[in-house]
Amino acid sequence: MGGEQKPFGWIALFRDGHTIEQSAASEPSAFQSLVNYLYGTPEEPKKHYLLWFKITNGDESYVVSFDRDGD
């Protein structure tokens, strides 16, 4: 049952072509960038919509695709 647990990484692709990525070795600040781009900030209030979001641990990948209204 032992086994090495691999770190995960993710990438988010937005409808406007912008991507935000957190590799297994990068800083967790990428998540804050994702939240800010999704919901906007007081300085940049525009919200953006995801096209897809992918999470991977190197061996397995899972992708969630979103439709026009974000479902």
Side-chain angles (χ1 to χ4, degrees):
M1 217 184 0
E4 182 182 337
Q5 185 175 4
K6 294 184 178 183
F8 72 90
W10 54 261
I11 186 167
L13 176 64
F14 291 85
R15 289 187 200 159
D16 64 358
H18 184 80
T19 60
I20 299 175
E21 182 174 2
Q22 177 176 312
S23 68
S26 71
E27 293 293 318
S29 62
F31 184 73
Q32 186 61 52
S33 296
L34 174 69
V35 171
N36 290 346
Y37 204 72
L38 273 171
Y39 298 109
T41 63
E43 299 80 26
E44 292 289 332
K46 183 176 179 177
K47 296 180 181 183
H48 296 87
Y49 293 93
L50 280 167
L51 187 58
W52 54 256
F53 185 89
K54 178 180 178 180
I55 189 167
T56 183
N57 70 356
D59 292 333
E60 296 180 30
S61 295
Y62 300 93
V63 177
V64 177
S65 296
F66 297 87
D67 63 11
R68 295 294 299 164
D69 65 357
D71 295 344

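Along the sequence shown, residues are numbered consecutively beginning with 1. Note that this is a predicted model, so its numbers are computed, not measured.
The shortest heavy-atom contact between Arg15 and Leu50 is NE-O, 4.1 Å. The nearest pair of heavy atoms linking Ala30 to Trp10 is O-CH2, 3.6 Å.
Of the inter-residue distances, the one linking Glu43 atom CD with Asn36 atom CG reads 8.5 Å to the nearest 0.5 angstrom. The distance from the CD atom of Glu21 to the NZ atom of Lys54 is 9.5 Å, given to the nearest 0.5 Å. Here the NE2-CD1 distance, from His48 to Ile20, works out to 9.5 Å after rounding to the nearest 0.5 Å. Here the CG atom belonging to Leu51 is positioned 5.0 Å from the CG atom belonging to Leu13, to the nearest 0.5 angstrom. Put simply, OG on Ser33 and CG on Leu38 are 11.0 Å apart, with the number rounded to the nearest 0.5 Å.
Taking hydrophobic clusters as Ile, Leu, Val, Met, Phe, Trp and Tyr residues chained together by side-chain heavy-atom distances below 4.5 Å, Val64 does not share a cluster with Trp52. Phe31 and Val63 fall into different hydrophobic clusters, where Ile, Leu, Val, Met, Phe, Trp and Tyr residues are linked whenever their side-chain heavy atoms come under 4.5 Å apart, directly or through other members. By the criterion of side-chain heavy atoms lying less than 4.5 angstrom apart, applied directly or through intervening Ile, Leu, Val, Met, Phe, Trp or Tyr residues, Phe8 is not grouped with Ile11; the two fall into different hydrophobic clusters.
Note: Tyr37 and Phe14 have perpendicular aromatic rings, judged against thresholds of 30 and 60 degrees for the angle between ring planes.
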**Q.** side chain to side chain contact (heavy atoms under 4.5 Å, CB included) between Tyr49 and Asp16, worked out
**A.** CA-CA 8 Å; Tyr49 293 93; Asp16 64 358; over 6 Å; no
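Proximity of a side-chain donor or acceptor of Thr41 to a complementary backbone N or O of Pro45 within less than 3.5 Å is not detected.
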